[in-house]
**Q** 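Quick one: this structure, given as structure tokens, is what I'll be asking you about.
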Amino acid sequence: MKFVGALLVLRLLAAGAWAAPDYSPDALLRAHLWREFTARPLSRRPHVGLVLSAGSTRATAHVGVLQVLAQAGFPIDAVAGTSMGAVIGAMYAAGRPVKRLRDIASRLSLRMGANYNSFRLISLMLADKLLSSEKTEKFISKEIGGLRFDQLPTPFACVAMDIYTGETVLFRDGDVASAVRASMNLPGVFAPVAYRQRYLVDGGVVDYIPIDAVKRLGAEWVLASVTENDYRSARPENVLSVLQTLEQVIDIRGAFLSREQRKNADFIIEPPVGYIGVYETARASEAMDKGVIAAYENLKPATESLLLASLKAFAPDWGLEPARAAGGAKP
Amino acid sequence: MRLRVAAVAAILLSSTSLWGFWGAGDEVIHDLQGQFDAGRYGAVIAQLDPAGLGVVSLKLGGENLRIGHVLLGACYEKVGHSDRSLSVYQVGVRLFPRDKELLSRLAALLHQAGLEEQAQPLFERLVRLDPSSPYGHLGLAQIDRALGFLDRSAEHYQKTLDSLPKRGDIWQEYGEDLYEARDYRAAEAALRRGLDLAPGNVDNMLALALVLRAEGRTEAALAQLEPPARAGRWAAVQARALWLMESGRDEEAGSAVAGLLRRAPHDPLALYVRARLGLRAGRRTQALADLRLASAQGDEAPFCARVAAKLAALGQGRP
């Protein structure tokens with residue numbers, strides 16, 4: 001005897017509101033204004049900037065965010081990133097498909113970007129000899145075909161820090177791969193990169209969420225993807241460990257920096273990846289999935305925020321003054 | 001709740017073997033099945049779970065015990081006690097971890113309650129047990145869609161439809177998923193297939209209208225709105241006025257919006273459309289009044305209200 005409840009199960013599945021499309025007045029108006037926005041030339045709508053924060057493995061969540069934005073046709077007119085955010089941002093700005101970024105991120109390991117092995121690690125600990133991040137540069141260069149900043153299809157910038165002066169160094173020209181290498185050059189692990197008479201380390205130390213950088217590229221509305229560490233709950237297992245202590249210090253510094261910086265973003269997507277450690281590369285896929293979920297949840301409010309910011313540019317064409325207030329003029 | 005389930009499971013697990021020897025026979029379960037089919041859910045519950053604890057306490061053995069869990073869970077669902085259904089199915093799945101029916105019922109119930117993180121692994125287990133399980137794939141499709149994994153969701157919809165090709169509602173969901181993923185051509189094909197199977201489905205018609213508009217086929221989209229508008233779907237009536245205005249057919253948009261506002265004078269979307277039409281025709285004062293009125297409808301449509309407020313402010317020189 002078999003009790004077949006298949007139809008009941010199907011009814012349960014079919015009855016859910018999770019799949020119901022939104023035909024509310026808000027949804028209809030959103031779709032209408034979005035059509036208006038996307039039909040306009042860049043000069044007659046606000047420029048959209050995307051900022052990808054630092055965060056090492058956690059920052060692979062940016063790939064998930066990019067996946068949702070690309071899927072939705074969300075325009076990205078300029079990108080800025082720091083550290084791992086710079087790596088992902090550079091590849092995206094170079095036109096690498098999100099699927100490729102996902103493939104790369106899911107194979108992420110410390111060896112990918114460094115001359116890391118047991119011997120080198122012992123050298124780091126005992127002989128005070130830092131690792132080299134040269135492999136990062138070679139990898140990026142190969143991936144984006146050795147492009148310079150001015151050759152990128154989407155304007156891009158990234159930041160690093162001068163280890164002598166503490167200055168933020170903004171990269172907007174020259175070779176992309178070497179700039180990205182400098183931007184993700186974790187201090188205390190990787191040797192500073194010599195670049196134009198400076199010695200550079202990871203930009204996350206001074207500019208965790210490089211909003212100013214994307215604004216310098218002309219962005220008028222900024223969406224920031226932030227992958228901060230939740231250092232208050234994710235305590236290092238061993239505070240006597242060099243790498244874990246270093247990670248904790250950088251993360252705390254990043255959290256303090258981002259507290260002020262995030263105020264300058266128009267919209268923030270924050271995938272809940274704070275519990276993932278810098279070196280937990282095996283969790284990159286998990287981080288990317290968190291990025292997808294967070295971005296999808298925020299897609300509607302982000303779209304609404306952008307559309308509201310765009311009304312000033314639309315208004316003159318609709319017979320509403322002041323015409324002078326149109327956004328879109330590139331600084 | 002979790003403690004209750006765990007405790008119940010422990011009791012059941014410790015006594016199941018005894019029931020296996022001395023459990024009730026096929027006649028009892030056959031009788032219960034008959035009562036379930038006749039809609040006497042209370043009677044089935046009274047026999048299987050007289051204390052109302054969400055536990056099968058009638059002594060049953062083997063397959064009959066399994067069916068007892070399905071029947072009791074289904075009865076509790078029927079009488080609106082989803083929490084007790086959940087307990088019953090959870091215990092059932094622990095006793096019969098490879099049973100597809102109990103798994104799919106538990107997963108569906110969790111999914112319906114929005115507990116996707118708990119539902120997803122159960123649907124995945126179901127698909128591992130039966131790679132063509134339409135319920136497993138449909139559950140995963142819906143969860144992936146709700147979370148934003150539209151590509152994965154489309155794959156699961158395809159697998160569901162391989163087994164259930166005559167389900168118009170699932171073709172519709174699949175079409176909506178493809179629309180969201182901006183695969184308009186495939187979305188149109190799926191939605192048309194859904195309409196062939198369920199010709200009167202106005203939600204499907206509305207979804208198809210959206211796809212046609214996204215493809216730039218405004219005339220076809222407007223035509224597709226007619227049946228749902230005639231069927232009284234307010235969204236179709238609103239969309240028609242908006243799309244007519246959008247495509248520059250101001251006169252038709254004007255009469256559509258006048259009809260809308262006669263029936264709902266404070267409809268924020270209709271007020272927005274009339275304001276835009278008014279601005280085009282040089283009726284600025286009236287347009288700003290419409291925008292101000294729309295801006296006060298935040299409870300009904302917060303985004304419409306914010307847009308109207310911002311436009312009204314811009315019109316008054318307050319950017």
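Residue numbering restarts at 1 for every chain, and letters A, B, ... go by the order of the sequence lines. None of these values were measured; they are calculated from a predicted model.
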**Q** Which region of A:Ala39, side chain (C-beta onward) or backbone (N, CA, C, O), has a non-hydrogen atom less than 4.5 Å from a non-hydrogen atom of chain B, or is it both or neither?
**A** neither
**Q** For A:Arg35, is it the side chain, the backbone, both or neither that has a heavy atom under 4.5 Å from a heavy atom of chain B?
**A**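 Just the side chain, heavy atoms under 4.5 Å.
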**Q** Where does A:Glu297 contact chain B at under 4.5 Å (heavy atoms): side chain, backbone, both or neither?
**A**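 Neither part; nothing is under 4.5 Å.
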**Q** Would B:Arg280 count as a cation-pi partner of A:Trp318, with NZ or CZ less than 6.0 Å from the six-membered ring centre and within 45° of the ring normal?
**A** no
**Q** For the atom pair CG (A:Leu311) and CG (B:Leu314), what is the distance rounded to the nearest 0.5 Å?
**A** 7.0 Å
**Q** Relative to chain A, which of B:Ala235, B:Gly282, B:Gly148 shows the most heavy atom pairs under 4.5 Å?
**A**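 Looking at each option in turn, the highest pair count goes to B:Gly148.
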**Q** So, taking the atom named CZ in B:Phe303 and the one named CG in A:Leu308, what distance separates them when rounded to the nearest 0.5 Å?
**A**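 Nearest 0.5 Å value for the CZ-CG distance: 5.0 Å.
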**Q** With rounding to the nearest 0.5 Å, note down the distance linking CZ in B:Arg306 to OG in A:Ser305.
**A**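 Going from CZ on B:Arg306 over to OG on A:Ser305, the span is 7.5 Å.
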**Q** How many angstroms lie between atom NE2 of A:His32 and atom CG of B:Leu269, to the nearest 0.5 angstrom?
**A** 8.5 Å
**Q** To the nearest 0.5 Å, what is the distance between CG (B:Leu279) and CG (A:Leu320)?
**A** 4.5 Å
**Q** By a 4.5 Å heavy-atom criterion (distance strictly below it), what part of B:Tyr272 contacts chain A: side chain, backbone, both, or neither?
**A**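 The answer is the side chain of B:Tyr272.
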**Q** Show your reasoning for whether side chain to side chain contact (heavy atoms under 4.5 Å, CB included) applies to B:Leu311 and A:Phe314.
**A** CA-CA 9 Å; B:Leu311 289 175; A:Phe314 298 173; 6.0 Å; no
**Q** What pair of heavy atoms forms the shortest contact from A:Tyr23 to B:Asp203, and how long is it?
**A** OH-O, 3.5 Å
**Q** Given a strict heavy-atom distance threshold of 4.5 Å, which part of A:Ala295 is in contact with chain B: side chain, backbone, both, or neither?
**A** neither
**Q** I need the B:Leu147 CG to A:Lys290 NZ distance, nearest 0.5 Å.
**A**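 If we round to the nearest 0.5 Å, B:Leu147:CG and A:Lys290:NZ are 10.0 Å apart.
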**Q** Against chain A, work out which of B:Pro302, B:Ala305, B:Ala207 has the most heavy-atom pairs shorter than 4.5 Å and name it.
**A**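 If we count pairs closer than 4.5 Å to chain A, B:Pro302 comes out on top.
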**Q** Which bit of B:Glu180 is near chain A, if near means a heavy-atom gap under 4.5 Å: side chain, backbone, both or neither?
**A**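 For B:Glu180, backbone and side chain are both near chain A.
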**Q** Name the region of B:Arg213, side chain, backbone, both or neither, that has any atom closer than 4.5 Å to a heavy atom of chain A.
**A** both
